[in-house]
Amino acid sequence: MDESLSLPRSLENCRGQLGEGLDRLGLAGPARQEDLQLRFLALMQRWNRSFNLTALSEPGEMVARHLLDSLALLPYLRGSRFVDAGTGPGLPGVPLAIACPDCHFVLLDSNGKKIRFLNQVRRDLGLGNIEPVQARLEDYRSESVPDAILARALAPLERLVGWTGYWLDRGVPLLAMKGDLSESERRAVPAPYNVSLVELEIPGLRARRCLATVEKQ
Ligand SMILES: C[S@@+](CC[C@H](N)C(=O)[O-])C[C@H]1O[C@@H](n2cnc3c(N)ncnc32)[C@H](O)[C@@H]1O
């Protein structure tokens, strides 16, 4: 890890909020890695102008919307190899990779700038379990079969299902984090795919969040 990357005071001041949020998510022991999580936000802030990474500038909001929102996915991960599709600045993949050092996360994005940023994150945070890959989700193939495809704020569910059909047909579930899922968006997913929904409660966020899991029946 690049030890020269010191935390700005504004992020240092968010330790309490992050700690409380992790408590509410039930994250205990080594999985908490509070320092690394805040250092990831510091990198996003440092490189935001060059790489266009986030619209958020308020550190407390970054903790809630970037870190805690991503980590709310943890209880739903089964297995050890995941693809975070349309990861952008590494969301939800980087906070999850920090919390699960024994899991491998392919961070997929079509935008080369995002991938350059993620390679920098990998180096600066010493995160050997992330693998940034520049590719479109619909074209992505790999020899090893992932345990799930994750997607947050990427596309409507019907389009995501179209893009991940190759993997869904091989028994790989799609876990899509959504602000909300309308009945019409849910119904637009064609058979033989099945959608199940759970509501997520994100510490510090009032907005509705849900997780749609799509699997082949
Ligand atoms: C709105 S951002 C979401 C980023 C992140 N997942 C989040 O929750 O903040 C969508 C990202 O998906 C990428 N993207 C869009 N279409 C894609 C595709 N077909 N395959 C891979 N990445 C894609 C874009 O380059 C962008 O970085």
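Remember, it's 1-based here, ligands and their atoms both numbered in the order they're listed.
Ion pair Arg32/Asp23 flagged as a salt bridge, since at least one NZ, NE, NH1 or NH2 atom sits closer than 4.0 Å to an Asp/Glu carboxylate oxygen. The pair Lys216-Asp169 counts as a salt bridge, with a side-chain nitrogen and a carboxylate oxygen less than 4.0 angstrom apart.
Any N or O atom pair closer than 3.5 Å counts here, and Pro92 shares no such pair with ligand 1. The distance criterion of under 3.5 Å between nitrogen or oxygen atoms is met by Gly86 with respect to ligand 1. Checked by distance only, ligand 1 and Lys114 stay at 3.5 Å or farther apart across all their nitrogen or oxygen atoms.
Residue-ligand proximity: Tyr140 is placed with every non-hydrogen atom at 4.0 Å or more from ligand 1. Within the structure, ligand 1 has Ala135 among the residues with a heavy atom less than 4.0 angstrom away.
Although no hydrogens or angles enter the test, the distance criterion places a donor-acceptor pair under 3.5 Å between the side chain of Asn129 and the main chain of Ala97. Within the 3.5 Å criterion, the main-chain N or O of Tyr166 finds a donor-acceptor partner in the side chain of Arg170. No side-chain donor-acceptor contact under 3.5 Å links Arg49 to the backbone of Arg46. With Glu138 contributing its side chain and Gly162 its backbone, the two residues share no donor-acceptor pair below 3.5 Å. Judged by distance alone, with hydrogens and angles left aside, the side-chain atoms of Glu185 form no donor-acceptor pair with the main-chain N or O of Pro156 at under 3.5 Å. Side-chain atoms of Asp109 do not come within 3.5 Å of backbone N or O of Ile115 as any donor-acceptor pair. Under the 3.5 Å distance criterion, the side-chain polar atoms of Gln134 are matched with a main-chain donor or acceptor of Ser110.
In this structure, atom 9 (O) of ligand 1 lies nearest to the protein heavy atom Arg152 NH2, 3.4 Å. In this structure, atom 19 (N) of ligand 1 lies nearest to the protein heavy atom Glu138 OE1, 2.9 Å. Nearest protein heavy-atom contact of atom 22 (N) of ligand 1 is Ser110 N, 3.3 Å. The shortest contact between atom 20 (N) of ligand 1 and any protein heavy atom is with Leu137 N, 2.8 Å. Nearest non-hydrogen protein atom to atom 27 (O) of ligand 1 is Asp109 OD2, 2.7 Å. Ranking the protein heavy atoms by distance from atom 1 (C) of ligand 1 puts Ala153 O, 3.2 Å first. What sits closest to atom 15 (C) of ligand 1 on the protein, heavy atoms only, is Leu154 CD1, 3.7 Å.
In terms of heavy atoms, Ser70 sits closest to Pro92 at OG-CA, 3.2 Å. Nearest heavy-atom pair across Ala99 and Leu27 is CB-CD2, 4.3 Å.
Per-residue contacts place Thr87 under 4.0 angstrom from the following atoms of ligand 1 (heavy atoms of the residue considered): 4 (C), 5 (C), 6 (N). In summary, the atoms of ligand 1 found under 4.0 Å from a heavy atom of Trp163, numbered by their order in the structure, are 19 (N). Atoms of ligand 1 lying under 4.0 Å from any heavy atom of Asn111, numbered from 1 in the order shown and given with element: 25 (O). Residue Gly88 has at least one heavy-atom neighbour below 4.0 Å for each of these atoms of ligand 1: 4 (C), 27 (O).
Nearest-residue assignment for atom 5 (C) of ligand 1 (options Leu56, Leu91, Asp84; heavy-atom criterion): Leu91.
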